[in-house]
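Note that the coordinates shown come from a computational prediction; the quantities given were computed from them, not determined experimentally.
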Amino acid sequence: MIVPMKKVSLACMKEDRAAVLKALQKAGVLMLTRVEDGVPSGGEASANLRRMDVLLRRLKPYRKKRSLLEGLPEVEEAAFDQAGEEGIPYAGRAEELLAQRDALEKELAGKRAEADALRPWQALSAPLEDFAEGPYAVNAAGSVPARLAPLAEETLRRCGAAWETVGEDPRRTRFAVSCLKEAAEELFSALKDLEWEEAAFPKEQGTAAAVLARLELETAALSAQLSQTEEALRALAEEAETEFSLLYEQYRAANEREETPLGETLETVYLEGWARADRTDRLEAAVCKASGGVYSLALRDPAKGETPPTATKNNRIVSQFENITDMFSSPDYREPDPNPVMAPWYWLIFGLMMGDAGYGLMMAVLILLGKKLLRPSGTVAQLMNVMLYSSVTTMLCGVVFGSYFGETWNPLWFSPMDDPVAMLIFTLVIGVFHIFTGMICKMVQNVKQGRVWDAVFDQAAWMVLILGLGMLFLPALQAVGAALATAGALVVLFTAGREKKGFLGKAAGGLVGLYGITSYLSDILSYSRILALSLATGVVGMVMNMLAGMIQGNPIGWIFSLAIYVVGHVFNLALGLLSAYVHDCRLQYIEFYGKFFEGGGVPFRPFAIRTNQIRIRK
Amino acid sequence: MSGISIAIMGAAVCAALAGCGSALGVMAAGKAAAGVTSEKPELFGRMLVLQALPGTQGIYGFLTAVLIMVRIGVLGGSPAELTEAQGWAMFWAALPMAVVGLISGIAQGLTAASAIHMTGRQPDASGKGITMTALVETYAILALLTSILLVYGIAL
């Protein structure tokens with residue numbers, strides 16, 4: 001059923017704003033609507049959240065990867081309420097370590113670059129500090145492209161410089177040069193034309209080789225320090241794994257509170273929203289406690305033009321199917337909840353589409369195992385439950401149609417593999433009943449809204465017509481069928497145009513209405529997909545068995561055949577589940593909901609704590 | 001040509017063309033899914049479902065081929081003596097699945113790619129995307145049924 005909603009107007013003193021919002025968020029019973037001229041309170045949370053976001057992103061390489069089976073870390077609700085005292089020191093320490101790591105990395109990169117620049121000069125005999133301007137002479141080191149080396153030597157000779165070439169690099173020729181101060185200017189300007197690049201030596205004492213050795217020692221020390229820091233980060237990330245996620249989620253929740261715009265007067269703040277009528281006591285209790293009794297809470301029923309959000313409430317089994325409807329569209333607040341009618345049909349059609357006792361058993365076992373290991377929540381849990389329930393119909397259909405892991409064995413009724421036409425007819429009959437259920441829902445709605453004649457002309461007449469057409473296929477009932485079909489068709493012909501003006505309009509409307517038979521036919525034929533999918537599951541399973549059987553000639557073949565059985569049937573099960581899920585949904589959405597369901601509701605999404613890195617234990 | 005080889009040709013064409021259709025369709029969807037996943041890795045699960053949808057045509061083609069093989073006794077049994085007319089009948093029976101499998105596989109792949117882009121922008125819309133993509137498959141299913149009913153309907 002659709003839960004009735006109450007419109008909530010709440011006002012409290014300005015100083016209670018934070019406490020009340022926190023209580024509302026924790027209670028998770030109120031869906032806020034936009035308040036005109038609302039102002040968010042602002043605060044530190046958004047900066048904190050940003051800081052934590054950056055920290056977590058940078059910390060990611062050091063955090064342990066969670067395996068899928070582990071699930072999220074759990075935190076007590078009480079721990080979540082304490083505003084982050086536990087996590088803050090850890091976050092500070094992590095930021096410190098990250099800064100240390102960055103500094104070390106930068107220093108290391110500098111040293112490495114220096115060493116790389118110096119390496120070609122290893123053979124230089126003169127100490128580095130000599131390469132400077134002296135009182136009488138200029139010493140310099142630099143290189144020119146190898147192809148220009150002869151020209152450079154020519155220039156050096158012309159200017160009366162002393163030089164030696166250093167190292168053997170096929171691309172660049174390196175020179176250590178010494179010349180008198182007077183000749184320096186001419187020499188270097190000439191060399192510059194030859195693409196001379198002066199070497200930038202670090203300000204160190206000693207020969208290049210000695211400095212390089214020193215640099216390498218320093219790099220090694222720095223790398224050791226760096227890996228120590230990273231180790232410390234890793235240890236910290238592991239030690240405070242939950243605290244980091246917790247702190248992030250706390251800031252996120254706080255940020256959401258601070259960003260919530262509330263209307264303001266001189267002394268008070270106010271907000272509006274929707275709450276489920278059956279949970280207003282929780283809302284009142286939360287507000288009362290947080291505001292110390294100083295508040296004003298007004299509840300009223302939704303007014304005519306308002307669109308309250310939709311929340312559905314069903315028993316434990318049907319509620320698992322609600323997500324299937326919500327994926328199509330949430331029901332409108334003012335229409336009946338289609339879930340209780342849809343759920344049994346979904347359940348039945350899923351079973352027919354899978355239609356194999358062996359696969360049904362596998363589904364049940366695997367899903368129970370999955371629920372145990374993954375402990376899913378939310379829509380994933382709902383989907384798993386839907387499949388778990390459907391494993392029952394799958395097994396039943398498997399027994400009825402005699403399909404066990406793709407092998408046909410003693411069907412209670414008949415085997416679709418041997419008699420696909422019988423199965424085709426059966427699926428179409430199922431389709432007719434499914435569509436009739438949808439039409440009956442529409443009839444009930446029409447009657448409830450006082451449109452009894454609409455129910456008769458638009459639904460009952462069509463049902464009679466379709467039923468009559470169906471009976472034409474049974475020799476015994478042919479006469480009755482013909483009469484029913486004619487009666488139904490006549491009613492449709494004379495009434496479908498009743499809203500149109502003028503005789504011509506009414507006549508045309510009737511003919512167009514009768515033409516609607518094609519859409520009913522295509523809807524019914526659409527159910528043949530049940531046959532196609534059940535055959536697909538069966539035949540692929542059969543092929544897997546055949547393949548495995550082919551290699552069972554010797555013991556090694558037997559072992560391989562086991563692998564084929566396991567991999568093949570799991571693969572087929574996965575494909576079958578996907579197809580059954582998708583096509584069962586389609587039959588509900590288009591063929592079934594098309595008959596009566598309006599949808600277009602806004603899902604009820606209360607202001608609440610929503611975490612995605614931790615799970616809060618209540 | 002002997003009847004049996006014509007029938008085998010039908011089975012082969014059916015598995016091959018429908019398989020090609022699915023391969024192309026899954027590729028088109030996969031490319032889109034890879035793009036979305038690179039930006040939003042958390043959507044991988046939904047992407048996988050959407051990408052797998054155009055894969056069914058290949059299965060249907062394969063299914064039809066196997067049913068033909070069983071029917072003419074190539075699988076599990078001794079090959080039946082088919083007249084040329086019976087062989088051709090099998091060939092034509094396989095054709096709806098072959099042709100529709102090829103074309104609808106590609107068409108569904110393109111629809112899936114669009115649905116994937118939509119899901120990338122609005123993760124909550126994945127259900128609608130799945131439904132839109134599944135609508136294309138209806139025609140592959142109708143072709144499969146036609147082929148199956150024909151394969152079973154041919155008197156041998």
Find the one option among Val421(A), Asn323(A), Leu578(A) whose heavy-atom pairs under 4.5 Å with chain B are most numerous.
Leu578(A)
Please state whether the side chain, the backbone, both or neither of Ile324(A) comes within less than 4.5 Å of a heavy atom of chain B.
neither
Can you establish whether the number of heavy atoms outside Phe44(B) located under 6.0 Å from its atom CZ is more than 12?
no
Run Val70(B) and Met542(A) through side chain to side chain contact (heavy atoms under 4.5 Å, CB included) and show every step you take.
CA-CA 11 Å; Val70(B) 171; Met542(A) 186 183 85; 3.9 Å; yes
For the interface with chain A, which of Thr138(B), Val49(B), Val66(B), Leu67(B) has the highest count of heavy-atom pairs at distances below 4.5 Å?
Thr138(B)
Evaluate whether atom CD of Glu81(B) has more than 12 neighbouring non-hydrogen atoms of other residues, nucleotides or ligands under 6.0 angstrom away.
no
What parts of residues 592-601 of chain A touch chain B if we use heavy atoms and a cut-off under 4.5 Å?
none
Quick one: does Val582(A)'s side chain get under 4.5 Å of Glu137(B)'s, heavy atoms only?
no
Are there residues of residues 8-22 of chain B that reach to under 4.5 Å of chain A by heavy atoms, and which ones?
none
Proximal to chain A - members of residues 146-156 of chain B, heavy-atom separation under 4.5 Å
Ile148(B), Leu149(B), Tyr152(B)
Look up atom CG in Leu144(B) and atom CG in Leu535(A), then write down how far apart they are to the nearest 0.5 Å.
7.5 Å
Distance check, rounded to the nearest 0.5 Å: Leu531(A) atom CG versus Leu145(B) atom CG?
5.0 Å
Rounded to the nearest 0.5 Å, how far apart are CG of Leu525(A) and CD1 of Ile141(B)?
12.5 Å
More than 12 foreign heavy atoms under 6.0 Å from CZ of Arg605(A): is that the case here?
no
Residues in residues 106-136 of chain B near chain A [non-hydrogen atoms, under 4.5 Å]:
Gly127(B), Lys128(B), Ile130(B), Thr131(B), Ala134(B), Leu135(B)
For Tyr589(A), is it the side chain, the backbone, both, or neither that has a heavy atom closer than 4.5 Å to a heavy atom of chain B?
side chain
Contacting moiety of Ser528(A), where chain B heavy atoms sit under 4.5 Å:
both
